[in-house]
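What follows is a short report on a single structure.
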Amino acid sequence: MNFFGMGTFEIITILVIATLVFGPNRIPEFAKKAGEFVRSFRKITTEMTKEFTKAIDSSPTKSTGKAPSTSSSPSLDKFLSGSDKK
C-alpha cells in the first residue's frame, strides 16, 4: 500500500500518534475533514485540467494546424536564450 509515498507502517504510526494526541473521539471528525479536503482538492484539479485543456484546444496554433514560428514570440525567445538579463 502506497498513499502519498508512505507505506503501511508509516500510516499506522501516524494514526497511533494522532490517537494519542487528539484522543480516539476526534479521529472520525478529522477523517471526515480529510475526506472533504481530498474531495475538494480533486474537484479543483479537475476544473483546472478542464480549463487548461479548453485553453490549449482554443489556442490559435492548434486551430490553424501550423507550427508556431520563432519570430512570433520574441520575448519568449529572449527568455529562453538568456539574453533577457540586464
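Remember, predicted model here, so these are calculated numbers, not experimental data. Quick note: residue numbers are just sequence positions, from 1.
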Point to revise | Pairs touching residues 34-44 that satisfy salt bridge (Lys or Arg N to Asp or Glu O under 4.0 Å), sequence neighbours left out | key: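 Passing the test, one end in residues 34-44: no pairs.
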Are [Y] and [X] co-members of a hydrophobic cluster defined by side-chain heavy atoms under 4.5 Å apart?
X	Y	result
Phe30	Val16	no
Met48	Ile56	no
Phe37	Ile44	no

Supply the atom-to-atom distance [X] [atom1] to [Y] [atom2], rounded to the nearest 0.5 angstrom.
X	Y	atom1	atom2	result
Lys50	Thr45	NZ	OG1	10.5 Å
Glu10	Leu15	CD	CG	12.0 Å
Phe9	Ile14	CZ	CD1	10.5 Å
Ile12	Thr19	CD1	OG1	11.5 Å

